[in-house]
Amino acid sequence: MSDLLAARSQMAVSLGFHILFAVVGIGMPVLMVVAEQRYRKTGERLCLDLAKRWAKGTAILFAVGAVSGTVLSFELGLLWPGFMEFAGPVIGMPFSLEGFAFFTEAIFLGIYLYGWDRISARAHLFAGVMVAVSGAASGIFVVIANAWMNAPTGFDVVGGKIADVDPVAGMLNPMAFQQTLHMTLASYAATGFAVAGIHAFLLLFDRQNAFHRRALVIALLVGAPAAVLQPLSGDLSARAVAEYQPAKLAAMEAHFETGTRAPLVLGGWPDMETRETRFALKIPGGLSFLAHHDFNAEVQGLDRTPRADWPHVPIVHTAFQIMVALGTCMALIALWAALLAIRRQDVCSNVWLLRALTVAAPMGFIAIEAGWTVTEVGRQPWIVYGVLRTADAVTPMPGLVVPFLGFTLLYCFLGVIVAWLLYRQIIRSPRPTEWSRTYAPVGVRHA
Amino acid sequence: MPEVTLPVVLAAILALSLNAYVLFGGADFGGGVWDLLATGPRRARQREVISHAIGPIWEANHVWLILAIVLTFTCFPPVFARLGTVLHIPLTLMLVGIVLRGSAFTFRSYDDERDSVQRRWGRVFAGASLVTPVLLGVCIGAVAAGRVGPLRRGATFVQSFVDPWLTPFSLAVGLMTLALFAHLAAVFLTLETDEPALVEDFRARALWSGLAVFASAFGALLIAPEQAPLVGVGLLASTWSLPFHLATGVAALAALAALWGRRYHLARVAVGAQVSLIIWGWAIAQYPFLVPPDFTIDGVAAPAVTLRLVLITLGLGIVVLVPSLLYMFRVFKAGPSHSARRLPKGGLEL
Ligand code: HDD
Ligand code: HEM
Ligand code: HEM
């Protein structure tokens with residue numbers, strides 16, 4: 001394994017790990033606030049317990065998010081000193097802002113967790129809202145930095161050095177809006193669906209459990225609207241990519257030859273040598289329509305990019321197909337649930353919906369990993385699109401396989417532990433003894 | 001005294017955030033050390049006090065480190081690149097320590113079931129608390145010694161990536177950092193419990209670790225002139241660093257004296273002053289260098305626009321953060337007074 005490949009892999013593993021916790025850190029506080037709000041309004045003890053459990057889960061994941069984020073900020077220097085030396089003055093800003101957002105989140109999460117019986121109801125709910133807002137802000141700021149890598153603005157390059165720096169223009173780069181919107185929605189959709197899926201699964205065995213019913217409804221309240229909006233926001237992203245990173249779009253769509261009435265290539269395996277995509281379903285004019293909202297528009301293909309500067313087409317294309325397929329599934333399930341709710345049917349007793357939700361539980365997270373793969377692998381060989389090559393930014397340090405394997409192992413280990421803890425603390429149904437102490441029974445089982 | 005330019009202001013803020021990290025984060029690490037070294041009949045109680053003291057504040061303290069990193073790569077990008085390259089190995093190891101420590105502590109404190117799993121996490125937490133400060137000190141020592149220079153062509157792996165930091169001086173600074181963190185934590189812990197026997201335990205620990213700080217600082221100082229010429233000269237000779245030095249010594253002695261006399265609040269102030277003075281003494285001894293031998297503050301600073309924007313951001317951040325922090329401290333100090341009236345007890349103990 002070359003050092004460059006090891007560095008890229010380490011970055012990918014670290015980010016792929018961090019993003020899971022970051023997403024939960026953005027989505028979970030919203031669930032928790034909604035639950036608490038319902039408790040304050042209806043006085044339903046179940047909702048209070050949900051809010052407490054979720055807050056605790058958020059705290060565990062928050063801490064892992066913080067450590068894995070710390071690793072990332074070091075890694076920017078440990079693996080990509082050339083990148084940071086070049087880009088620091090422009091994109092340091094969003095990172096500093098992220099620091100503050102995180103700090104605010106940490107403070108209010110502390111207040112939320114330890115303040116249940118120390119502050120007024122209103123103050124407590126406000127603390128929850130602050131956690132949710134600053135969590136979203138954290139994500140938004142980092143993604144702005146990433147959007148800048150895709151569509152760099154706010155500087156000039158003079159003799160290999162950055163000049164005429166304008167960090168504000170850097171933050172207002174043309175991909176920033178699309179990416180932050182898409183990412184924020186993704187966080188809500190993924191968290192909402194994951195939580196809904198877990199409780200749907202448990203409901204399949206324990207149909208009347210009021211705890212899981214409440215949790216499922218709240219999770220869907222957050223996840224379903226986001227899932228429906230996600231394809232629309234993805235369309236905005238795709239059109240921005242078409243404009244600013246045509247080579248990435250071509251790779252996403254396995255579009256080799258420039259042309260009008262470009263077909264949409266579904267599935268298949270693109271062959272970078274023969275420039276063909278085998279086993280694919282092609283919809284004439286589909287790509288032209290999606291990229292430019294016109295069936296006859298010209299779409300730039302990979303042929304306009306020097307062969308040496310192509311990203312790895314099969315990875316980008318496949319990852320993109322995975323994301324879109326999962327996104328479509330999630331949106332359909334969300335619409336189905338909405339339809340049932342509009343018809344005033346009981347969402348929690350529809351066995352088929354519960355089954356579908358169970359299957360959909362991991363979909364958001366998989367889509368997120370796939371989406372980032374599209375963004376990052378699709379940008380190669382550039383670390384800053386069109387300006388700085390990844391190979392020129394990597395550290396001269398040899399033997400990078402060692403830290404790569406080390407961190408991968410560490411993350412696997414942490415992942416297992418976190419899953420186990422969450423199971424023990426959060427997911428497992430309250431024991432009947434815990435229950436019957438407090439609640440009027442809802443179903444036969446706990447009567 | 002240093003001339004006040006924009007880069008110097010930001011370098012000072014950088015030193016300030018490092019100071020805050022060492023002060024607050026350092027005490028957390030020190031807590032881990034005492035967790036590891038908890039002995040005697042009150043072992044379990046000691047651990048409880050430590051865990052309780054770190055509990056709510058942990059993530060907040062950690063932010064100072066992130067602030068220092070972000071300031072470095074935004075305001076002094078070449079410094080970030082240089083440190084990441086030359087100190088790759090100790091920084092990576094330190095990271096592993098930070099990850100293990102942070103997650104172990106969290107897992108332990110949120111998982112209430114007290115069993116063997118708990119104890120195992122305790123050990124990971126404590127072990128990582130021991131190693132991480134040493135590595136942090138090693139890195140600081142390497143910078144202070146002026147050994148983090150540009151990579152030379154044709155140098156071997158060891159010459160480029162190991163020699164800069166694997167020196168007696170760096171190790172001495174590493175040990176001093178560990179002793180200092182432990183001392184800091186022990187002093188703080190005397191105020192975290194009302195149980196007289198526990199207070200005595202922590203007092204004894206504070207006194208012993210105070211002596212260890214003296215011993216290791218003295219060792220580092222002895223090696224300094226030869227191994228860290230720049231800092232050695234700065235620390236010992238420059239006119240305005242001498243008062244700093246004296247003040248540090250006075251603060252250290254005052255902390256020990258206050259501990260001896262059981263005046264714990266005074267001891268806390270004194271030890272805080274001592275730690276801060278050490279950081280600032282180091283920073284001033286290096287001036288105008290950020291990373292000797294070749295990176296001066298003005299030489300590696302980012303363009304003025306960036307620096308100005310960072311200052312503005314920091315200002316805005318403070319406007320949000322300071323009230324939030326004060327509020328948090330008020331909530332925690334207030335104790336469970338609002339209590340049971342609002343939220344009936346019982347139900348799931350979460
Ligand atoms: C729940 C997760 C999720 C779902 C359901 C979708 N996406 Fe997505 N997508 C992401 C999560 C995501 C992401 C992980 O959050 C990315 C990576 C970078 C970014 O900004 O968002 C992303 C990136 C991303 C990009 C690349 C942007 C870039 O390179 O800068 C495009 C074009 C789309 N998405 C398009 C879509 C479409 C057309 C979807 C239709 C169903 C879709 N996404 C569903
Ligand atoms: C290079 C990329 C990234 C870096 C360097 C980074 C850095 C960090 C750091 C240092 C922290 C902890 C803050 C602290 O301890 O002060 C953190 C937390 C966080 N990051 Fe990232 N991050 C990156 C990518 C992302 C992405 C892509 C997202 C989301 C979309 C994200 C969202 C968050 C959130 C929400 C938190 C708060 C912690 C939590 O809620 O779990 N980060 N990040
Ligand atoms: C959290 C979600 C993210 C994931 C899952 C992710 C994933 C990846 C992957 C798969 C790679 C390797 C690509 C390749 O080398 O082919 C990579 C590289 C990289 N990513 Fe991301 N990324 C994320 C967000 C970010 C953000 C927010 C930033 C910066 C602000 C960032 C900065 C980088 C850098 C600097 C590299 C290495 C250079 C490069 O390969 O271009 N990433 N990431």
Side-chain angles (χ1 to χ4, degrees), chain A residues 45 48-49 52-53 56 59-60 62-64 66-68 70-71 73-74 76-78 81-82 84-85 88-89 92-93 95-97 99-100 102-104 106-108 110-111 114-121 165-168 395-398 403 406 410 414 417 421 424-425 430 434 437-438, chain B residues 56-57 59-60 62-63 65-67 69-71 73-75 77-78 80-85 88 91-92 95-96 98-99 102-103 106-107 110-111 113 151 157 161 302-303 305-306 309-310 313-314 317 320-321 324-325 327-328 331-332 334-340 342-343 346-348 350:
Chain A
R45 291 295 314 269
L48 174 64
D49 282 344
K52 286 194 173 182
R53 271 185 178 230
K56 195 162 167 191
I60 296 176
F62 184 82
V64 183
V67 285
S68 59
T70 308
V71 173
S73 17
F74 273 91
L76 288 176
L78 292 172
M84 288 321 285
E85 188 163 0
M93 273 293 285
F95 281 113
S96 335
L97 290 166
F100 281 114
F102 176 85
F103 206 164
T104 319
I107 291 173
F108 281 99
I111 295 175
Y114 294 86
W116 279 107
D117 36 356
R118 297 184 182 199
I119 53 178
S120 71
V165 170
D166 180 353
V168 176
T395 175
M397 168 95 191
L410 185 62
L414 283 185
I417 306 282
L421 253 185
R424 230 159 86 139
Q425 289 291 320
E434 290 174 313
R437 258 204 338 256
T438 11
Chain B
I57 320 283
E59 277 101 353
H62 182 74
V63 169
L65 176 65
I66 305 300
L67 180 62
I69 291 176
V70 170
L71 283 175
F73 71 57
T74 312
C75 304
F80 190 64
R82 172 78 63 79
L83 296 179
T85 311
H88 190 110
L91 285 176
T92 303
L95 262 187
V96 176
I98 291 179
V99 171
S103 31
T106 312
F107 296 163
Y110 288 112
D111 197 17
E113 275 134 282
L151 290 186
F157 176 81
F161 299 107
V305 234
T306 304
L309 275 169
V310 169
T313 313
L314 289 172
V320 177
L321 284 182
S324 313
L325 263 178
Y327 181 56
M328 177 175 85
V331 170
F332 287 136
S337 57
H338 253 290
S339 85
R342 263 163 224 281
L343 297 175
L348 299 180
L350 292 174

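Computed from heavy atoms alone, side chains included, the values below leave out hydrogens, waters and symmetry copies.
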When the 4.5 angstrom heavy-atom criterion is applied to Thr395(A) and chain B, the contacting part is side chain

ask   = Are side-chain heavy atoms of Ser73(A) and Val70(B) found at a separation under 4.5 Å?
value = no

Rounding to 0.5 Å, atoms CG (Leu309(B)) and CG (Asp166(A)) come to a distance of 8.0 Å

Correct closest heavy-atom pair for Thr74(B) and Gly92(A) would be OG1-CA, 3.1 Å

Within the 4.5 Å heavy-atom criterion, are Phe74(A) and Leu91(B) side-chain neighbours or not? yes

In terms of heavy-atom pairs under 4.5 Å with chain B, the winner among Pro81(A), Pro89(A), Gly82(A) is Pro89(A)

Exercise for the section: Please state whether the rings of Phe108(A) and Tyr327(B) are parallel, tilted or perpendicular, taking 30° and 60° as the class boundaries. Expected result: tilted

So CZ of Phe95(A) and CD1 of Ile69(B): to nearest 0.5 Å the spacing works out to 11.5 Å

The interface call for Leu314(B) against chain A, heavy-atom contacts under 4.5 Å, is both

Honestly, the part of Phe161(B) sitting under 4.5 Å from a heavy atom of chain A is side chain

dist Thr92(B):OG1 -> Leu78(A):CG (nearest 0.5 Å) comes out at 4.5 Å

For Thr70(A) and Leu95(B), the nearest pair of non-hydrogen atoms, with its separation, is O-CD2, 4.2 Å

Taken to the nearest 0.5 Å, the spacing of Met84(A) CE from Phe80(B) CZ works out to 5.5 Å

Cut-off 4.5 Å, heavy atoms of chain A, and the answer for Val320(B) is side chain

